[in-house]
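For the numbers below, each heavy atom of this structure counts, side chains included, while hydrogens, waters and symmetry mates do not. Chain A is the first sequence line, chain B the second, and so forth, proteins listed ahead of strands; every chain is numbered from 1. Every value quoted in this text rests on a predicted model; they were computed, and no experiment measured them.
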Amino acid sequence: MNYPVWDVSFGIGILMAIVSVTHVFVSHFAVGGGLFLVLTERKAYRENDQTLLEWLIRHTKFFVLVTVVFGAVSGVGIWFTIGLIHPSGTSSLIHSYVWGWAIEWVFFFLEITAALLYLYGWKKMDRALHEKIGWIYFGAAFMSMVIINGIITFMLTPGKWIQTHAFWDGFFNPTYWPSLFIRFIFALALAGIYALITGTWQKDEALKGTVVKWSARWVIPAFVVLPLVAWWYIHSVPAHVWASAAGKMPTATRYANIIVIFSIITFVLSLITLLKPRKIPFVYSLVIVATAFMTMWGFEFVREAIRKPYIIYDYMYGNSVFKEAVPGSAGMDVASLDANGVLKVAKWIRPESREITEENQLSVGREIFRVECQSCHTVDGYRSIRKIVNKKKWGFSSIYSRLGLLDKMFNGVMPPFAGTEKEKTALALYLASLSTVQETEEAAVAPKISGKEVFEQHCSDCHEAAPDDPLFEFMKQYDVAKISYFITRLDSLNEEMPPYEGSEDAREILAKWIHEQFK
Amino acid sequence: MGNLPLIPAADPMPLPAPLWLFKVLLLVTFLLHIIVMNFLLGGGVIAIVARWRGAKDEKFARLSRDLSKKIPSLLAATITLGVAPLLFLQVLYGQLFYTSSVIMAWPWFMVVVILTIAYYGYYLVAFKDQKNNAAVLGWVLIGSVFLTFLVGFIYTNNLTLMLTPEKWGKIYFQDPSGWNLNLTEGMLLPRYLHFMVASLAIGAFLLILSGLYRWKRDVENARFLIQYGGKWFMYSTMVQFLVGIWFLIALPKEKMMIFMGENLLATIAMLAGILLALAAIFVMSGALRKEDPRKGAITAMSLIGVVLVLMVIMRDALRDAYLAPYFKLSDLAVKTQFGVLLLFLVLFVGGILVWIWMMKKYFFGAQAAALKE
Ligand code: HEM
């Protein structure tokens with residue numbers, strides 16, 4: 001809307017996912033690992049274990065190479081990437097939380113300095129000073145998590161900020177505390193998991209045994225507590241936000257299941273290390289790294305998925321349209337766009353596309369797609385719209401009627417279409433031009449089609465094949481003939497529903513299929 | 001705002017502190033970023049040259065080793081000190097900066113990838129340098145230094161593209177996929193070279209500073225460092241005069257005029273900068289002829305410190321001159337968030353104190369002193 005869209009054919013979302021998940025996996029290690037270093041240093045001195053100490057010096061090097069290098073650069077990377085993908089959202093985060101970021105930077109600065117001094121200090125500092133530097137490192141790293149957590153959770157649950165726009169209202173928001181605990185516990189687990197990597201690499205079996213046992217003590221309790229905190233987290237997410245992850249929106253559910261499955265696997269694998277700690281092979285630690293990675297990945301993706309359609313919940317949609325006008329939003333909210341038109345208000349429209357004519361409808365439609373849809377879809381790559389319209393065999397009229405209902409589809413993962421009727425038509429024409437289905441064919445889809453397929457094609461955007469879905473709740477009282485009749489009158493059943501636009505035959509098949517379900 | 005339909009509207013959220021505070025923070029943190037960036041790049045080039053000369057002369061081999069060990073930490077500092085101006089730049093000029101970044105999205109995104117590769121390259125050289133792999137690691141060092149220069153080039157592309165909204169539409173609509181740079185910009189090359197040549201001059205200070213630190217323990221080596229660094233400083237600053245003139249005349253006339261009296265502050269900054277830089281060369285060349293060059297070297301470095309401040313002010317005046325037709329910072333609404341601002345200032349000062357304490361303990365602590373042999 002306000003900014004140009006980086007037009008990447010495979011989908012910018014993927015890039016964001018790669019950068020952020022790898023960063024998260026390393027930056028949590030940077031927090032937990034700091035505590036691990038100082039506590040292990042103390043343990044080694046207390047038990048007078050010289051080999052453990054020497055391992056810890058090597059582990060520190062590994063730690064710095066992973067966190068100071070990759071952690072810091074990928075953190076800058078996230079910033080670069082979200083600035084490229086969601087300039088408006090980034091701008092909001094920066095402008096509302098400048099001082100949060102600035103405080104974060106102070107800790108970041110201390111963190112990096114302390115990490116390097118801790119590494120080089122092994123040779124140069126006395127014991128007490130070295131431990132002090134280690135504590136400063138951990139303190140700074142922990143504090144930077146405390147700050148960043150406020151800003152990240154703000155995006156999902158901005159709480160009272162929506163009304164007040166006040167710093168602390170958004171910062172200490174409903175998911176702040178549970179999210180902080182999840183992150184910290186995960187950070188502790190990762191400290192142990194990364195230590196397994198360098199630990200299992202050791203040839204000296206006694207040393208290996210010590211490190212593995214000690215590391216498992218970080219991982220196992222963490223994975224016991226994690227489900228509890230996750231439960232707390234889920235319960236502090238407002239119900240309507242969570243609903244989309246709880247079963248109606250398939251993607252989020254899949255990620256939620258991933259969390260459960262992989263945290264159990266990680267837990268079990270870590271328990272097994274205790275059976276023969278001296279014999280654990282290096283690859284085994286890599287497997288644990290992978291399963292922990294999947295857990296974290298699931299967590300991050302659920303968060304991303306349930307935040308849809310917003311970039312900042314209840315404030316700005318994923319495509320940078322404001323939910324409601326705020327002073328300075330420059331007419332880029334849904335209502336104003338409906339009234340004035342995307343082509344007039346959006347900044348990055350070709351000059352020749354500002355007016356719709358007979359000739360330019362398709363190319364204008366393409367531009368509307370770029371500014372309104374491309375933050376989540378692509379033409380041919382990730383979440384390809386061409387694939388969607390072809391799979392569903394939609395023609396112009398099906399698409400047109402659905403554009404009016406985007407925010408109802410898939411339990412509301414999409415913002416509503418914002419723009420005038422003419423613009424909606426242009427977009428629908430463009431999308432229909434991607435479809436191989438002709439308008440006349442659309443009504444006469446092959447009669448061999450199964451009921452499930454008709455359902456997928458016409459109803460599954462908004463309904464789920466589940467007994468508690470309103471569709472089935474309602475239809476189960478009736479016989480096939482009545483069901484078939486209701487299908488012709490969907491828009492009068494509920495005004496939010498588009499009319500059924502398939503063929504007569506397909507309708508009969510669908511009616512029969514619905515009738516047979518969930519008996 | 002602006003007379004071009006493409007320029008994005010400024011963010012609806014008001015600035016959470018007065019404009020001047022953000023300006024000061026931007027310029028101060030940028031100056032720090034640029035100084036360590038100079039150390040990094042200049043140090044990298046000198047490390048390469050010294051490595052090559054080190055085949056015949058152990059002094060140089062040692063210098064190269066010393067520098068190679070410092071470079072990873074300098075890169076860490078460059079990045080860390082880059083984050084702060086990146087924040088404040090987005091606060092003040094976000095709508096321009098995000099746009100130019102999106103237009104050249106791929107090169108901009110690649111900065112992160114390039115940095116990661118260069119970073120690991122530097123660490124490889126710092127940690128694994130031995131006789132048997134010297135040739136390979138020499139090339140790794142050259143590769144990493146090259147990549148670091150490339151990062152600087154991408155920065156100059158973006159920061160100049162951001163100043164010229166009139167060019168945006170043409171570039172973007174021709175290729176919205178982000179495979180763009182700002183190569184048609186007249187000031188691009190001289191501006192970039194201005195930064196890179198400065199890196200050689202300021203990077204040389206790294207040698208001088210090491211020399212000063214070592215003076216008491218190893219006079220001979222320390223004198224060599226100051227001498228050699230002093231020469232790097234003098235010759236590259238001479239070259240800088242040519243590059244600087246090129247930069248000035250590459251500017252469009254009305255922008256050049258701000259340094260010719262139109263903007264008093266910018267004009268004085270430029271004149272004073274030139275004079276002080278000349279003075280620094282003279283002082284340095286005098287110092288190098290002395291038995292104990294320390295005093296002169298310190299004076300020259302301090303003069304250049306002032307020059308850097310002046311250059312940062314000039315650069316800022318130039319930016320505002322470029323943007324004047326489109327955008328005035330003073331149009332931004334302000335609504336100060338006093339509580340958090342205060343918290344930041346307290347933590348900032350506290351952070352600096354802790355930082356100084358750590359550095360002091362590390363470099364000048366009792367243990368460190370004992371280890372100085
Ligand atoms: C190590 C590689 C880097 C090099 C060689 C480098 C070099 C440069 C150069 C040459 C400029 C001035 C460009 C111009 O005005 O034409 C610059 C500006 C800047 N750099 Fe860096 N940089 C590096 C890394 C970074 C990183 C990692 C960040 C951020 C995290 C950063 C943040 C900035 C910012 C924000 C500015 C502009 C400040 C302003 O315009 O006021 N730099 N850098």
I'd like to know which of [options] tops the heavy-atom pair count under 4.5 Å against chain A.
| options | value |
| --- | --- |
| B:Phe22, B:Phe348, B:Trp108, B:Phe88 | B:Trp108 |
| B:Ser101, B:Ala76, B:Ala84, B:Gly351 | B:Ala84 |
| B:Val354, B:Leu81, B:Leu341 | B:Leu341 |
| B:Leu86, B:Leu115, B:Val113 | B:Leu86 |
| B:Ala105, B:Gly178, B:Gly94 | B:Ala105 |
| B:Leu87, B:Leu15, B:Ile79 | B:Leu87 |

Would you mind telling me which of [options] has the largest number of heavy-atom pairs within less than 4.5 Å of chain B?
| options | answer |
| --- | --- |
| A:Asn2, A:Val106, A:Ile94 | A:Asn2 |
| A:Gly77, A:Ala102, A:Gly83 | A:Ala102 |
| A:Leu65, A:Thr81, A:Val64 | A:Leu65 |
| A:Val68, A:Leu15, A:Val8, A:Leu116 | A:Leu15 |
| A:Lys61, A:Met332, A:Met1 | A:Lys61 |

- Item | Worked verdict on A:Trp348 versus B:Thr99 for side chain to side chain contact (heavy atoms under 4.5 Å, CB included) | CA-CA 10 Å; A:Trp348 287 80; B:Thr99 310; 3.2 Å; yes
Given that the side chain runs from C-beta out, which part of [X] has a heavy atom under 4.5 Å from chain B: side chain, backbone, both or neither?
| X | result |
| --- | --- |
| A:Ala330 | side chain |
| A:Ile112 | side chain |
| A:Ile103 | both |
| A:Leu119 | side chain |
| A:Pro4 | both |
| A:Ala140 | neither |
| A:Ile133 | side chain |
| A:Val326 | side chain |
| A:Tyr120 | both |

Are the side chains of [X] and [Y] in touch, meaning some heavy atoms are under 4.5 Å apart?
| X | Y | result |
| --- | --- | --- |
| B:Met13 | A:His165 | yes |
| B:Gln90 | A:Trp101 | no |
| B:Phe109 | A:Trp6 | yes |
| A:Arg350 | B:Tyr172 | no |
| B:Val83 | A:Phe109 | no |
| A:Leu117 | B:Met359 | yes |

In terms of heavy-atom proximity below 4.5 Å to chain A, should [X] be classed as side chain, backbone, both, or neither?
| X | answer |
| --- | --- |
| B:Tyr123 | side chain |
| B:Val111 | side chain |
| B:Leu25 | side chain |
| B:Phe344 | both |
| B:Leu75 | neither |

* Does B:Trp106 have its ring centroid less than 6.0 Å away from the ring centroid of A:Phe80? ->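 That pair fails the under 6.0 Å test.
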| task | Evaluate the side chain to side chain contact (heavy atoms under 4.5 Å, CB included) criterion for residues A:Thr113 and B:Met358: first the C-alpha distance (whole Å), next the side-chain angles of each, then the deciding distance (0.1 Å), finally the verdict. | result | CA-CA 8 Å; A:Thr113 310; B:Met358 287 196 291; 4.1 Å; yes
Checklist entry - Taking everything shown except A:Glu355 itself, do over 12 heavy atoms lie less than 6.0 Å from its CD? => result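 12 or below, so no.
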- Just wondering, more than 12 heavy atoms not from A:Trp122 lying within 6.0 Å of its CH2?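 Atom CH2 in A:Trp122 is crowded, with more than 12 foreign heavy atoms closer than 6.0 Å.
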- Pairwise distance CE(A:Met143) to CG(B:Leu347) - rounded to 0.5 angstrom: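 Between atom CE of A:Met143 and atom CG of B:Leu347 there are 7.0 Å.
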> If you measure from CE on A:Met125 to OH on B:Tyr362, what distance do you get to the nearest 0.5 Å?
Replying inline: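 Result: 6.5 Å between the selected atoms.
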Restricting to non-hydrogen atoms, name the atom on [X] and the atom on [Y] that form the minimum distance, rounded to 0.1 Å.
| X | Y | result |
| --- | --- | --- |
| A:Phe322 | B:Pro12 | CZ-CG, 3.6 Å |
| B:Val91 | A:His95 | O-NE2, 3.0 Å |
| A:Trp99 | B:Pro16 | NE1-O, 3.2 Å |
| B:Phe173 | A:Ile349 | CZ-C, 3.6 Å |
| B:Val102 | A:Val5 | CG1-C, 4.0 Å |

Begin from the C-alpha positions of A:Ser88 and B:Tyr98 and carry the test side chain to side chain contact (heavy atoms under 4.5 Å, CB included) through to its verdict. CA-CA 9 Å; A:Ser88 303; B:Tyr98 295 126; over 6 Å; no
Step by step, work out the side chain to side chain contact (heavy atoms under 4.5 Å, CB included) result for B:Tyr120 and A:Val69. CA-CA 8 Å; B:Tyr120 281 116; A:Val69 180; 3.5 Å; yes
Identified side-chain hydrogen bond (donor to acceptor under 3.5 Å, both in side chains) partner of B:Asp11 from the options A:Ser91, A:Ser329, A:Ser96: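 Single pass found, and it is A:Ser91.
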